[in-house]
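Working notes, structure below.
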Amino acid sequence: MRVHLDDVQTTADPSSGPTAKISARGIGRSFGTGPGAVHALGPLDLDIGEGEFVSLVGPSGCGKSTFVRLVAGLLPPTFGEMTVRIEGDPPAPIATVFQGFGIFPWKTVLGNVKFALAAAGVERRDANERAMRWLARLGLADFADAYPETLSGGMRQRVAIARALATEPQILLMDEPFAAIDAQMREMLQEELLTISQTERRTVVFVTHSLEEALVLADRVVVMTARPGTLLSETRVPFGRPRDTRVREGPEFGRLRVDLWTHLRDEVQAQMAGQRGGTAQATL
Ligand SMILES: Nc1ncnc2c1ncn2[C@@H]1O[C@H](COP(=O)(O)OP(=O)(O)O)[C@@H](O)[C@H]1O
Ligand SMILES: [Mg+2]
């Protein structure tokens with residue numbers, strides 16, 4: 001049970017081909033002990049390559065957020081091993097974007113991004129320029145001095161994305177970042193994320209309950225079983241890059257979506273059975 005942040009220079013074996021950026025081996029997590037313990041996740045084996053964009057889908061409560069927290073090092077695993085390979089010695093190798101935005105209401109938009117840069121050790125004189133550059137990329141330049149409460153949900157989520165990307169992380173972890181956003185804004189944010197992730201390839205783990213969103217964005221879609229979440233299927237997404245959100249209009253897209261849903265349906269039913277008598281809705 002180890003979580004290490006390895007320096008690639010000292011651990012990479014050049015003869016072993018491309019090494020995984022994130023490597024989970026028999027990883028799992030339980031919460032609590034005794035009869036009330038919840039086995040949330042695993043054992044799960046998953047390798048995510050350098051520069052790869054992986055979407056993670058699975059029934060509600062199957063451990064997706066738990067997996068993200070294990071990768072981020074916010075939570076230790078109960079069993080198994082998580083290796084996250086970081087090159088060099090960057091101050092902020094991993095950035096996260098969660099559903100609830102997580103931006104500070106008492107700071108301006110610019111203040112939020114600069115706060116993250118300060119935490120990442122970026123010098124004050126560089127931070128302003130870098131923050132403004134990322135705000136501009138996400139269409140927020142005119143809102144630098146605004147407070148979050150004056151912005152729409154979609155714009156607040158853009159602030160969260162700008163803040164995460166401004167730290168120039170090697171790994172970007174996004175946990176249902178667009179779940180609370182209306183359909184049109186969501187598509188715009190997908191488009192922006194595609195553009196950004198295709199200009200500067202980063203390793204991205206993107207949790208979503210939308211199969212369509214998973215297919216539009218990712219190089220590979222990983223489907224998890226009902227809790228405790230293990231690997232159910234992996235699908236390599238055949239659409240080339242750069243791509244845009246119009247890939248969803250093609251016939252192959254519909255076929256892939258149906259295939260994924262076929263994998264997932266039984267798991268959602270298993271999750272419903274597990275909640276028999278409860279009030280929870282069966283959702284992805
Ligand atoms: N801190 C915690 N304490 C107790 N149970 C937790 C905790 N975090 C998550 N769980 C439980 O672990 C399971 C997986 O949760 P989560 O990873 O949030 O699932 P998902 O993101 O796939 O919906 C759920 O049953 C959840 O209630
Ligand atoms: Mg979750």
Side-chain angles (χ1 to χ4, degrees), residues 1 3 22 24 26-46 48 53-82 84 94-102 153 157 160-161 164 171-181 186 189-190 193 204-215 217-218 220-235 260-261 263-284:
M1 199 196 319
V3 175
I22 301 166
I27 197 94
R29 174 74 201 197
S30 298
F31 293 101
T33 51
V38 176
H39 181 186
L41 173 74
L44 178 69
D45 289 326
L46 187 62
I48 297 173
F53 194 128
V54 169
S55 286
L56 211 56
V57 296
S60 175
C62 77
K64 301 180 295 295
S65 296
T66 301
F67 179 77
V68 166
R69 288 159 72 202
L70 290 171
V71 176
L74 297 171
L75 195 68
T78 310
F79 49 85
E81 197 165 319
M82 175 73 76
V84 180
I94 301 179
T96 48
V97 180
F98 295 111
Q99 180 178 344
F101 315 128
Q157 194 57 304
I161 294 169
I171 297 173
L172 184 60
L173 304 174
M174 305 182 87
D175 192 355
E176 305 208 23
F178 307 151
I181 290 170
R186 188 176 180 140
L189 288 172
Q190 289 170 355
L193 181 60
V204 184
V205 180
F206 188 99
V207 175
T208 176
H209 59 254
S210 161
L211 296 176
E212 185 174 298
E213 182 167 81
L215 281 168
L217 296 173
R220 183 161 50 119
V221 179
V222 170
V223 181
M224 288 166 69
T225 65
R227 192 182 73 214
T230 57
L231 193 74
L232 180 69
S233 75
E234 292 181 72
T235 302
L260 283 175
W261 174 239
H263 293 157
L264 202 46
R265 190 174 40 203
D266 290 348
E267 298 306 315
V268 174
Q269 276 163 0
Q271 182 234 352
M272 282 168 82
Q275 290 177 346
R276 223 176 6 236
T279 51
Q281 283 187 318
T283 50
L284 293 185

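Quick caveat: nothing in here was measured; it's all calculated off a predicted structure. We count residues from 1, following the sequence as given. In each ligand, atom 1 is the first atom listed, and ligand 1 is the first ligand listed.
- Distance from atom 19 (O) of ligand 1 to its nearest protein heavy atom, with residue and atom name: Gly63 N, 3.2 Å.
- Closest to atom 9 (C) of ligand 1, if we only count protein heavy atoms, is Phe31 CE1, 3.3 Å.
- The nearest heavy-atom contact from the protein to atom 18 (O) of ligand 1 is Ser65 CB, 3.6 Å.
- Listed by chain and number, the protein N, O or S atoms at a distance under 2.8 Å from the Mg ion (ligand 2) are Ser65 OG.
- Protein heavy atoms come within 4.0 Å of atom 21 (O) of ligand 1.
- Contacts between Arg227 and ligand 1 below 4.0 angstrom, taking non-hydrogen atoms only, involve the side chain exclusively.
- Under the 3.5 Å distance criterion, the side-chain polar atoms of Gln190 are left unmatched by any main-chain donor or acceptor of Glu213.
- A donor-acceptor contact shorter than 3.5 Å is absent between the side chain of Glu176 and the backbone of Phe206.
- When the heavy atoms of Leu75, Leu56, Thr66 are ranked by distance to atom 15 (O) of ligand 1, first place goes to Thr66.
- In this structure, atom 26 (C) of ligand 1 has its sub-4.0 angstrom surroundings free of protein heavy atoms.
- With sequence neighbours left out, Arg69 forms a side-chain hydrogen bond (donor to acceptor under 3.5 Å, both in side chains) with no residue at all.
- Backbone and side-chain nitrogen or oxygen atoms of Val38 are examined, and none is located within less than 3.5 angstrom of a nitrogen or oxygen of ligand 1.
- Within ligand 1, the atoms closer than 4.0 Å to a non-hydrogen atom of Ala40 are 12 (O), 13 (C), 14 (C), numbered from 1 in the order shown.
- At the top of the distance list for atom 24 (C) of ligand 1, counting protein heavy atoms only, stands Gly61 O, 3.8 Å.
- Here CG of Leu264 is found 10.5 Å from CD of Gln269. Values are rounded to the nearest 0.5 Å.
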